[in-house]
Asker: 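Got a structure for you, questions after.
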Amino acid sequence: MIDIIAQINAVNREVGSRSAGDGEGIGVLLRRRYDAPIQDVWEALTDPDRMKRWFLPVSGDLRAGGDFQLEGNAGGRILRCEPPGLLKVTFGAESSLVELRLSPDGEDATIFELEHTVPLEMAGSGAGALYVGPGWDGAVMALGLFVTGEVADDPVAAANSPEGQEFSRRSVHAWIEAIEASGTAGAAEIAAAAEVSLAQFAPDAGSTAEGSGNA
């Protein structure tokens, strides 16, 4: 059984305005500490044989300048790969950028950051964080379980299980709080995006929440 509340509370979530190419963008930032050495976390993020055990199978030219494809998900181009601390890729579109940053926290722990930035016209407003944030939350949780030895037989099935959907439901509400704190979207925009997000990430979990991802 997953301690859903502990997993939700393990992540710091931020939404904010970012520069995106020549214009304005919206970025989501997830930050978490893992009880695993930085090299172990890096290899879990970049070794195809390890990736498929917690995330998705990946194929392509897996080096800087090469293209990659996640099975059943987005593909993109690897812009920077600087082990064991930085990986930057396009994700689904050239203007959609994902940057992973790792830093050691002593010898046996790692600070992980994932930042996903898209142009404002793609996100619409900060409410666009609800279209990607819960998905990244699920990946961040799965990575944490993996590096501590808890490996799902089927990561996709685990994400779609009742437990996985309850985690996602709470994640949606945690992201609502982050968006509200950022001041980057109005109440109507957030409500509309939340409805879509819940239907996507937690279709069978219901939409009722206690008003907080930390509840």
Side-chain angles (χ1 to χ4, degrees), residues 1-18 25-34 54-56 70 72-74 91-93 96-100 112-120 122-146 152 154-215:
M1 295 291 291
I2 299 170
D3 186 338
I4 292 175
I5 302 301
Q7 292 291 338
I8 289 290
N9 291 342
V11 177
N12 176 263
R13 301 168 185 82
E14 298 176 16
V15 178
S17 299
R18 303 283 191 274
I26 293 291
V28 301
L29 175 67
L30 301 88
R31 184 181 298 109
R32 176 172 172 167
R33 181 182 185 273
Y34 289 129
W54 66 270
F55 190 39
L56 292 167
L70 294 169
N73 203 297
F91 196 78
S96 173
L97 301 176
V98 172
E99 184 169 299
L100 303 175
F112 167 95
E113 291 185 328
L114 184 154
E115 188 164 19
H116 188 173
T117 304
V118 300
L120 181 58
M122 183 183 294
S125 70
L130 286 163
Y131 304 136
V132 297
W136 289 127
D137 259 342
V140 168
M141 176 180 68
L143 176 59
L145 294 172
F146 178 77
D154 184 339
V156 175
N160 292 325
S161 69
E163 188 178 43
Q165 289 196 45
E166 175 59 17
F167 170 84
S168 293
R169 184 184 71 84
R170 290 180 178 271
S171 169
V172 169
H173 289 275
W175 281 105
I176 288 173
E177 290 187 349
I179 297 164
E180 290 173 341
S182 74
T184 56
E189 292 172 311
I190 295 172
E195 183 177 357
V196 174
S197 185
L198 286 166
Q200 176 182 356
F201 295 108
D204 304 316
S207 59
T208 303
E210 296 79 358
S212 169
N214 300 333

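Quick note: numbers below take in every heavy atom, side chains included, and nothing from hydrogens, waters or symmetry partners. Predicted, not measured: the structure shown is a model, and the values here were computed from it.
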Asker: What pair of heavy atoms forms the shortest contact from Ile176 to Ala194, and how long is it?
Answerer: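 Shortest heavy-atom separation between Ile176 and Ala194 comes out as CD1-CB, 3.8 Å.
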Asker: Enter the distance from Ser197:OG to Ile190:CD1 here, rounded to the nearest 0.5 Å.
Answerer: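 Answer rounded to 0.5 Å: 12.0 Å.
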Asker: Are any non-hydrogen side-chain atoms of Glu166 and Arg170 less than 4.5 angstrom apart?
Answerer: yes
Asker: Given 3.5 Å as the limit, does a donor-acceptor pair link the side chain of Ser96 with the main chain of Phe91, or not?
Answerer: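 Pair found, side chain donor or acceptor close to backbone of Phe91.
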Asker: If you compare all heavy atoms of Gly133 against all heavy atoms of Leu30, which two are closest, and at what distance to 0.1 Å?
Answerer: O-CD2, 4.4 Å
Asker: Mind checking side-chain contact (heavy atoms from CB on, under 4.5 Å) for Glu163 and listing every partner two or more places apart, or none if nothing turns up?
Answerer: Met1, Ile2, Ile4, Ser161
Asker: If you compare all heavy atoms of Val172 against all heavy atoms of Pro134, which two are closest, and at what distance to 0.1 Å?
Answerer: CG2-CG, 3.8 Å
Asker: Taking only residues two or more places apart in sequence, or in another chain, which ones meet Pro155 in a side-chain contact (heavy atoms from CB on, under 4.5 Å)?
Answerer: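 Here no residue qualifies.
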Asker: Under a 4.5 Å cut-off applied to non-hydrogen side-chain atoms, are Gln165 and Pro203 in contact?
Answerer: yes
Asker: Taking the side chain as every heavy atom from C-beta outward, state whether Gln7 and Leu145 have any atom pair closer than 4.5 Å.
Answerer: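 SC-SC contact between Gln7 and Leu145 confirmed.
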Asker: Kindly give the heavy-atom pair with the smallest separation between Val15 and Ser182, and that separation in Å.
Answerer: O-CB, 3.0 Å
Asker: Of all residues at least two apart in sequence or in a different chain, which pass the ring-ring contact (aromatic ring centres under 6.0 Å, His included) check with Tyr34?
Answerer: Phe112
Asker: Specify the closest pair of heavy atoms between Ala202 and Arg169, including all atoms of both residues, with the distance to one decimal.
Answerer: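 In this case the closest contact between Ala202 and Arg169 is CB-N, 3.9 Å.
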Asker: Who passes salt bridge (Lys or Arg N to Asp or Glu O under 4.0 Å) against Glu115, sequence neighbours left out?
Answerer: Arg18, Arg101
Asker: Sequence neighbours left out, what passes side chain to side chain donor-acceptor pair (under 3.5 Å) with Asn73? Give chain and number order.
Answerer: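 If we apply the side chain to side chain donor-acceptor pair (under 3.5 Å) test to Asn73, skipping adjacent residues, there are no hits.
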Asker: Looking at residues at least two apart in the chain, or sitting in another chain, which of them share a ring-ring contact (aromatic ring centres under 6.0 Å, His included) with Phe201?
Answerer: none
Asker: Could you state the interatomic distance from CD (Glu99) to CG (Leu29), rounded to the nearest 0.5 Å?
Answerer: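 With rounding to 0.5 Å, CD (Glu99) is 10.0 Å from CG (Leu29).
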Asker: Hey, could you give me each pair passing side chain to side chain donor-acceptor pair (under 3.5 Å) that has a residue in residues 124-142? Not counting sequence neighbours.
Answerer: Arg13-Asp137, His116-Trp136, Asp137-Ser171, Asp137-Trp175
Asker: Any donor-acceptor pair under 3.5 Å linking the side chain of Glu189 with the backbone of Ala127?
Answerer: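 The answer is no, because no donor-acceptor pair under 3.5 Å joins these two groups.
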Asker: Could you list the residues that satisfy side-chain contact (heavy atoms from CB on, under 4.5 Å) with Gln200, not counting sequence neighbours?
Answerer: none
Asker: Rounded to the nearest 0.5 Å, how far does CG of Leu114 lie from CG of Leu100?
Answerer: 5.0 Å
